[in-house]
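All chains are named by letter (A, B, ...) in the order of the sequence lines, taking the proteins before the strands, and each is independently numbered beginning at 1.
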Protein chains: 2
Amino acid sequence: MKPTRPTTRPIPKRPATMAEVAARAGVSAMTVSRALKSDGAVSEETRRKILAAVDELGYVLDLSAGALSSKRTGFVAVLVPSINNSNFSDTARGITEIIEGQGLQMLLGYTDYDMEKEEQLVQAMLTRRPDGIIVTDGRHTPKARRMLESAGIPVVETWDLPDDPIDHVVGFSNAEASRALVHRLYQKGYRNIGFIGGASRRDTRGADRRLGYTRAVEELGLPVGRTISFGNPPISMEQGGQAIVHLVQQWPDVDAAVCVSDLSAFGAIMECHRRGWAVPGRIAIAGFGDFEVSRCAWPRITTVTVDCRNIGREAGRVLLNALDDVQHDRTPAPSTLIVPFEVIEREST
Amino acid sequence: MKPTRPTTRPIPKRPATMAEVAARAGVSAMTVSRALKSDGAVSEETRRKILAAVDELGYVLDLSAGALSSKRTGFVAVLVPSINNSNFSDTARGITEIIEGQGLQMLLGYTDYDMEKEEQLVQAMLTRRPDGIIVTDGRHTPKARRMLESAGIPVVETWDLPDDPIDHVVGFSNAEASRALVHRLYQKGYRNIGFIGGASRRDTRGADRRLGYTRAVEELGLPVGRTISFGNPPISMEQGGQAIVHLVQQWPDVDAAVCVSDLSAFGAIMECHRRGWAVPGRIAIAGFGDFEVSRCAWPRITTVTVDCRNIGREAGRVLLNALDDVQHDRTPAPSTLIVPFEVIEREST
DNA sequence: GACCCGATTGTTATCGATATCGTAAGCGAT
DNA sequence: ATCGCTTACGATATCGATAACAATCGGGTC
């Protein structure tokens, strides 16, 4: 199947400008601008002429020029640890869903679970003069924090409940969620609960979950310290499989494992299958995040669910409100929205 | 844990401009511009003064203004069907990896497997005057195609081998890959092979895979037409589970199922577990895409692998080359790069 | 008829950077 | 001393839109 070339490839001509459209329609550029934004008052008659000219020239508005004069770029910067994680891509999706109707465009960046990288990204993003910024974390390098604070745009921190928020927050306490999960396992009769997570502190949400686990086992009077740290965040399915082996070998009496995410939990369960360890008979396994794989695996995986898409939507809404305030010269009041989480018990525990 | 407010929240002041930096450093704006791009000739002495001023004022370059005069925005528009699919997010990641070093920023959009939505997105993206655009498809609405052709920027189509490329291509034939998979199953002895895919033609890659399946069973003289269409693309794990039940009930003698993606394959396998149908004893199941879950599931899933991240990297490189050509007033020659795929046999077949 | 009003359109200045060209200084060669 | 060349930097025009204000027009009010 040899691809054929189109016989005529149009010469890459410089795109038309608004002035050219205006000339063709016999009006001024300003009128064209108004007609295209459909906010200004333009008579039906002229609007038709203008749209005709737009069509004939194949004109598309140049927002990068408009941004300069209107001082609003229509960009919303969004920083997520990784896009290859359905929790965060769901959040990104929720954000898009809300803002795209308002003519806003998301500028997405990956921090790789790394605060240094986040700092660089913040700087790079500010370079594009976004109208607002949404970050997926409550902790930042001092410089990143300073940049965010002095950017003069609304900031939304998500997926966390920072002690000292920069501006707006849409999140939940990862530690509390993890703690609730351990308590639930306790109620079910498990007394020897381990934790599987990443090896570095880069992933602050992961660290918080571990913290919640530790608090819970302490307050329940269970054996403590049964944690396996394995690999750099984000810990993969494969790593979860390796970690569960370490956990069981190191503490053979462990009867339940809380994993930092569903992905590692899934890997752990599959490894148990392979080794003939019954789940939850030999060992119960729980995850975090309610990924699709947890609902669909066999056994289905006990997990903590948060509505990721909704975090995005809410963050988007908070940002839109703030932008609206800014536009009307009101000083937006910082807000904190706590989204609910829920422990979902399934067959794996 | 009540969040506390910072005691002093800096007044959201308008960010500093280059002219202010220039004034503070006692030079002209032009010199500041040169110092910050580090390409122009600026003495060490002045550069130090300028960087000091930049630091004191917390100045960050405004690329949105720079874009207007330099006529290069530094944006690369990237359209993917869905970001919540690790294949495409890997590709997006590969693109970022290559372009971010060049000061380019990705503008990501989701088409939702919908050509109409793609058309709208193309228009919206062109509004930002990207320097280049990468799309994840070889088929487009006529209007979208016209816009892409006349945008005057390099275009890269990926994940497909279009019959009539717009400009550059980095992809593979989904039909050939699917066909190869069926042949492999045939070699293993399977003679009654079904196909599970989405119900609409929106997902052109999915449709191509089905086409490859059909061709293969025809040329092998196997029973044809054993396809289940279930749900709108992207077909989920859950839907894969439901589809396999339909398939087996409708053609009880089916001994193997090819799924349009690993996700549906995984769902199908888990459903088989639940029903006590041995995989591959009762029925063999294969997927497409080599998602992490396929490597980690039990049994591991036979699939077709393509290096998604590499598709992104190559697409990024092709684009950079083209941009380089444009910048040096060379007319870039359209290119087609075919990336390899590979059938990976695992325990599920 | 004077005046005001709303609807529609045009004029001009401007957003914040960079392209382009110009200028001045320094330096070696003739 | 002059020329040519390089290096460092400034002045000005410009990119393509929009903000802000001005102008025009028809009609209604008093």
Side-chain angles (χ1 to χ4, degrees), chain A residues 13-50 53-54 57 59-75 103 126-131 151-152 327-329, chain B residues 13-51 53-54 57 59-75 103 126-131 152 327-329:
Chain A
K13 49 171 188 273
R14 180 188 46 79
T17 73
M18 190 174 269
E20 289 164 16
V21 174
R24 185 169 194 116
V27 296
S28 75
M30 196 61 233
T31 306
V32 175
S33 173
R34 281 192 272 249
L36 293 183
K37 306 212 94 69
S38 68
D39 68 327
V42 179
S43 74
E44 261 322 302
E45 169 67 8
T46 24
R47 183 190 308 278
R48 258 210 332 281
K49 276 192 304 190
I50 289 170
V54 163
L57 294 174
Y59 174 71
V60 286
L61 197 55
D62 184 341
L63 286 182
S64 77
L68 193 56
S69 36
S70 70
K71 297 182 139 296
R72 297 192 302 110
T73 56
F75 284 127
L126 291 183
T127 252
R128 303 293 187 171
R129 294 288 188 273
D131 296 336
Q327 193 165 6
H328 295 84
D329 289 321
Chain B
K13 49 170 189 274
R14 180 188 48 77
T17 73
M18 190 175 269
E20 289 164 17
V21 174
R24 187 170 191 114
V27 295
S28 75
M30 198 57 235
T31 305
V32 175
S33 174
R34 282 192 270 250
L36 293 183
K37 306 213 94 67
S38 67
D39 68 327
V42 180
S43 74
E44 262 320 304
E45 169 68 9
T46 25
R47 183 191 308 277
R48 259 210 331 280
K49 277 194 304 192
I50 289 171
L51 292 183
V54 163
L57 293 174
Y59 174 72
V60 285
L61 197 53
D62 184 340
L63 286 182
S64 78
L68 193 55
S69 35
S70 70
K71 297 178 143 296
R72 298 194 299 112
T73 55
F75 284 127
L126 290 184
T127 251
R128 302 294 187 170
R129 295 288 189 272
D131 296 337
Q327 193 165 7
H328 295 83
D329 290 321

(message) Applying side chain to side chain contact (heavy atoms under 4.5 Å, CB included), can you list everything that pairs with A:V60, at least two apart in sequence or on another chain?
(response) B:Q123, B:L126, B:R129
(message) Any base atoms under 4.0 Å from A:T46, or only sugar-phosphate, or nothing? Heavy atoms, all strands.
(response) sugar-phosphate
(message) Enumerate the salt bridge (Lys or Arg N to Asp or Glu O under 4.0 Å) contacts for residues 15-30 of chain B, please, sequence neighbours excluded, ordered by first and then second residue.
(response) B:R14-B:E20, B:R24-B:E56
(request) Walk me through it: do B:L51 and B:L36 pass the test side chain to side chain contact (heavy atoms under 4.5 Å, CB included)? (result) CA-CA 8 Å; B:L51 292 183; B:L36 293 183; 4.1 Å; yes
Identify all pairs in which a protein N or O lies below 3.5 Å from an N or O of nucleotides 10-12 of chain C, and state each distance.
residue: C:dG10; atom: OP2; partner: A:S28; partner atom: N; Å: 2.9
residue: C:dG10; atom: OP2; partner: A:S28; partner atom: OG; Å: 3.0
residue: C:dG10; atom: OP2; partner: A:T31; partner atom: OG1; Å: 2.5
residue: C:dG10; atom: N7; partner: A:R34; partner atom: NH2; Å: 2.8
residue: C:dG10; atom: O6; partner: A:R34; partner atom: NH1; Å: 3.4
residue: C:dG10; atom: O6; partner: A:R34; partner atom: NH2; Å: 3.3

(request) Rounded to 10°, tell me the angle between the two end axes of the helix from C:dG1-D:dC30 to C:dT30-D:dA1, each built from five pairs. (result) 50°
(message) Quick check against the 3.5 Å criterion: does A:T73 have a side-chain atom that pairs as donor or acceptor with the backbone of A:A67?
(response) no
(request) Check side chain to side chain donor-acceptor pair (under 3.5 Å) between A:T46 and all other residues, then give those that pass, not counting sequence neighbours. (result) A:S43
(request) Give every residue pair that meets the salt bridge (Lys or Arg N to Asp or Glu O under 4.0 Å) criterion with at least one member in residues 64-74 of chain A, sequence neighbours excluded. (result) none
(request) Please name the pair of heavy atoms, one in A:R128 and one in A:F75, separated by the smallest distance, quoted to 0.1 Å. (result) O-CD1, 4.0 Å
(message) Rounded to whole Å, how long is the line connecting atom CE of A:M18 with atom P of C:dT9?
(response) 15 Å
(request) Give me the first and last nucleotide of DNA chain D, going 5' to 3', that has any atom under 4.0 Å from a heavy atom of chain A. (result) D:dG16 to D:dA20
(message) Just to verify, what does B:S28 make a side chain to side chain contact (heavy atoms under 4.5 Å, CB included) with, not counting sequence neighbours?
(response) B:M30, B:T31
(request) List the atom of B:A29, the atom of B:A22, and the distance in Å for their closest heavy-atom pair. (result) N-CB, 3.6 Å
(request) Please identify each residue that fulfils side chain to side chain donor-acceptor pair (under 3.5 Å) with A:E45, with sequence neighbours left out. (result) A:R48
(request) In whole angstrom, give the distance that lies between atom NZ of A:K71 and atom C1' of C:dA13. (result) 14 Å
